[in-house]
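The chains referred to below are lettered A, B, ... by the order of the sequence lines, with proteins before strands, and numbering in each begins at 1.
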Amino acid sequence: MTQPMVSPKPWWPMEVGFFLIPVAAFFLFPLHLPLITEMMILALFAVSLDLVLGYAGIVSLGHAAFFGLGAYAAGILAQQGWGEPLSGLVFAGAVAGVVGLLTGVLVLRGSDLTRLMVTLGIGMMLFEAANKMNWLTGGADGLQGVMVEPLLGAFQFDIFGHTAFWYAYAGLVVLFYVARRLVHSPFGLCLRGIKTNRLRMSALGSRVNLHLLAVYTVGAMMAGIAGGLLAQTTQFVSLDVLSFERSAEVLLVLVLGGPGRLYGGIIGAVAFTVMHEVLSGFTTHYWQFWLGLVLVLLVLFARGGLLGLVDALRKRAARGTASAAAPERAA
Amino acid sequence: MTPILETRGLSKSFGGFFAAADVNLAIEPGIRQALIGPNGAGKTTLVNLLTGTLPASAGTVFLHGQDITRLPPQARVRLGLSRTFQINQLFPDLTPLQAVVLAINEREGRSHRFWRAVDAGREVVHEAMNRLHEFGLDTVARERTADLPYGRQRLLELVLALAARPRVLLLDEPAAGIPSGESGEILDAIGRLPRDVTILLIEHDMDLVFRFAERITVLVNGRVLVEGAPDAIARDPEVRAVYLGEEAHV
Amino acid sequence: MLTVLVDGVAYGMLLFILACGLSVTMGLMNFINLAHGAFAMVGGYVTVIMLNDMGVPFLACLPAAFVLAALAGVVLERTLYVRLYKASHLDQVMFTIGLVFIAMATADYFMGAQQKLIQLPEFLRGRVGIGDAQISYYRLFIVLLCGLLAVGLQFALTRTRFGAQLRAAVDDGRVARGLGIDVSRLFAVTFAVGSGLAGLGGALGVELLGLDPTFAVRFMIYFLIVVAVGGTDSIVGPFLASLLLGIGDVAGKYYVPGIGSFIIYAIMVGVLIVRPQGLFARR
């Protein structure tokens, strides 16, 4: 190696293998395709939050605002007669992105607490607005009559969820690739710098707020596309896409997987969905209790999430082999 | 010669209390100037006024003849006014190499590039390694900054400030926290700083000041008491009274 | 008009009692506690159980609600919160959201999902007519009680030794420690009193705000608005913010029911944009 690497060498084969898991799941669990599709959408949503929170350090209590905006944008477009899915998805991303850009200016002012309040407040405002604008959103009954045309003009969204599965899979893979390039770029490094030491960054001449605004907008766009995917694959939008619970849920998913690692969002989405299925299986609507317990335990004992645990175990194993090797050398 | 960094009537008041009062500085290009003064003399306030961390109550700051009084800190950095901090301001989770690459990217206006990998900027990585090598940090270039010994971190602080390619460098107590027996490395590093960089050294340690400074400004109660060559300052009875005298008691 | 005003004032005063503990603990410990509403809920359910199931008189339920919520507060503070004072704000947010979820599910399990009702004592029922307006006794009672409490709190903060220590610690924790103030005891006592007041507010609010397991989340944003708008460096700011919020919310829902709570969120976001430190903060 002639040039010293700035970032650790990416492990491509393992990553490719990771993204083949859903393909295997398609064949292994043909009856659970809608669930896996939703899981992939949740993963994409969590990855979008990871850019904002894990890499840029912006704690948001209202990320669902963009998810919901995307869902309603794609849903309403299809309901009004423009059923072509890909352009609908672009529209969803654009609407969320524009709102992200406009509100980002406000969010970046002030302290953590003010940020929490402003993100939460904007999220609540959108929720209330969608709730009251019956004529457009269907209000509390949800958005009915979303008609999505065949994908690429050829693949009908079928009742088994085959098309939906591959559509969401493609969305996740493409946007994950974008996010991955972004975090390994100079821009990504700059965000990590801002997250760890803002003062030093401005002493290096960095336009800190501009960069934060940029990543907030990108995160909003990705969340919007995730929302759009949900609306198109389920052909329905309910009010809870904008709810506070949805924002809290995606935070949990990310923290569960491990923020600041990109894969944390995906691992978290899988763990969350499995947990949801298992726990709500035997305690139906007290599932929230277990959710809360997991959160509390996570913060108390495993701050890096599941991937953080894996890292810690790997480190311990490395230390274990090192100390095991030491006596041999002595002998 | 026109001064590279100049202040005219620079003042800062906190509700009636003047932390800096009518400060006039004129720093020649390429010089090593020291700013000294007893605790509470307003050294830190003055640094913050120069870097733009605090807004001035009155007066003007010129960098290379350009009025920068109203510019935000990061804009001043881009015009060539860089600083180190008294307390290390590093990136604990990044490696020194990443940190210096980051600094160079900022200087070159590359930090908004989001598609190509950091490593693709080969000349940046190359420059970063050279800069680290210059200060003997190339051997630890890929360790976590937080794991480095304090003295090394102190050097990295200096490398980061230099990576901005400053014309004026403010060194805020560069040897702070380093035991006097181990300060050789950092003193050497300061001694080897390139001559085209003007240096304003803010310091407590008189040894350091008299070793490097070609000109000394003494600040007392937010005002410039006297300014002159080191030997003149050392002889100045007023300075001895308020400053050196006090030091002697410690 | 007068009815709306009195309702708004009563509502605002109640919000103040509910939220003032949160504003003090946030200012004191720089801790983002989203679970504050859970302590209010404890007070609410204590009242419901004692009043409905055990036949304890309403006025005797109020101190019990305070004590039990304070107890819950001090136990959680000493065992769990104390580990997170130095943690990141994200960790604090996640941890306290977790507590809220646990509290909501627990309340649901033991008390059921439906809204709980209580029967107020005879002397608090009924209304008095002033001109055209009909003012309920209960709201007057709340205004009176919460007003007295607010005055008492302000007195405690500004005139007592404990208050002086508390203000010193809010201004600068390190200095306070240097002065020999036992900051961790201060934290515990403050947290307990704050939780207790929330519990009292929860008890008083059963009739006015409604009580069901979602209470902890439903009012979380209101508490946060009070803190964010009022600032954390005194209790006068949160008091004014509470009144503003109470009157604004009641008036908004009365005169423009079509947009509901939208107006409150919009005001809050607006205030935070203009004054990120809060409307009544000194800085």
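For a residue to count as touching a neighbouring chain, one of its non-hydrogen atoms must lie under 4.5 Å from one of that chain's; by this rule Val296(A) touches chain C with backbone and side chain alike. For Val100(C), no part lies under 4.5 angstrom from a heavy atom of chain A. Contact annotation for Leu61(A): only side-chain heavy atoms (C-beta onward) come within less than 4.5 Å of a heavy atom of chain C. For Phe127(A), no part sits under 4.5 Å from any heavy atom of chain C, backbone or side chain. No part of Leu297(A) comes within reach of chain C, as not one of its non-hydrogen atoms sits under 4.5 angstrom from that chain.
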Give the intermediate values and the outcome of side chain to side chain contact (heavy atoms under 4.5 Å, CB included) for residues Phe289(A) and Thr106(C). CA-CA 7 Å; Phe289(A) 178 84; Thr106(C) 310; 3.8 Å; yes
Query - Intermediate values then yes/no, side chain to side chain contact (heavy atoms under 4.5 Å, CB included), Met124(A) and Ile221(C) - result: CA-CA 9 Å; Met124(A) 300 293 252; Ile221(C) 181 146; 3.4 Å; yes
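To the nearest 0.5 Å, atoms CG (Leu90(C)) and CG (Leu251(A)) are separated by 6.5 Å. Residue Ile102(C) holds its CD1 atom at 5.0 Å from CG of Leu293(A), rounded to the nearest 0.5 Å.
Put simply, of Leu291(A), Val294(A), Ile122(A), the one with the most heavy-atom pairs under 4.5 Å next to chain C is Leu291(A). Chosen from Met26(C), Met94(C), Met104(C), the residue pairing most often with chain A at heavy-atom distances under 4.5 Å is Met94(C). In terms of heavy-atom pairs under 4.5 angstrom with chain C, the leader among Asn131(A), Leu126(A), Val255(A) is Val255(A).
Every pair passing salt bridge (charged side-chain N to carboxylate O under 4.0 Å, His left out) that includes a residue from residues 239-254 of chain A is listed here, sequence neighbours excluded: Asp240(A)-Arg246(A).
Pairing each heavy atom of Gly292(A) with each of Phe101(C), the nearest pair is CA-CB, 3.7 Å. Scanning all heavy atoms of the two residues, the minimum distance from Met117(A) to Ile225(C) falls at CE-N, 3.6 Å.
In this structure Arg261(A) satisfies the salt bridge (Lys or Arg N to Asp or Glu O under 4.0 Å) test together with Asp311(A), sequence neighbours excluded.
Using a 4.5 Å cut-off between non-hydrogen atoms, the part of residues 31-42 of chain C that approaches chain A consists of Ile32(C), Leu34(C). Within residues 73-89 of chain C, the residues approaching chain A closer than 4.5 Å by heavy atoms are, in numerical order, Leu80(C), Arg83(C), Leu84(C), Ala87(C), His89(C).
You'll find the side chain of Leu224(C) reaches within 4.5 Å of the side chain of Leu120(A), heavy atoms only.
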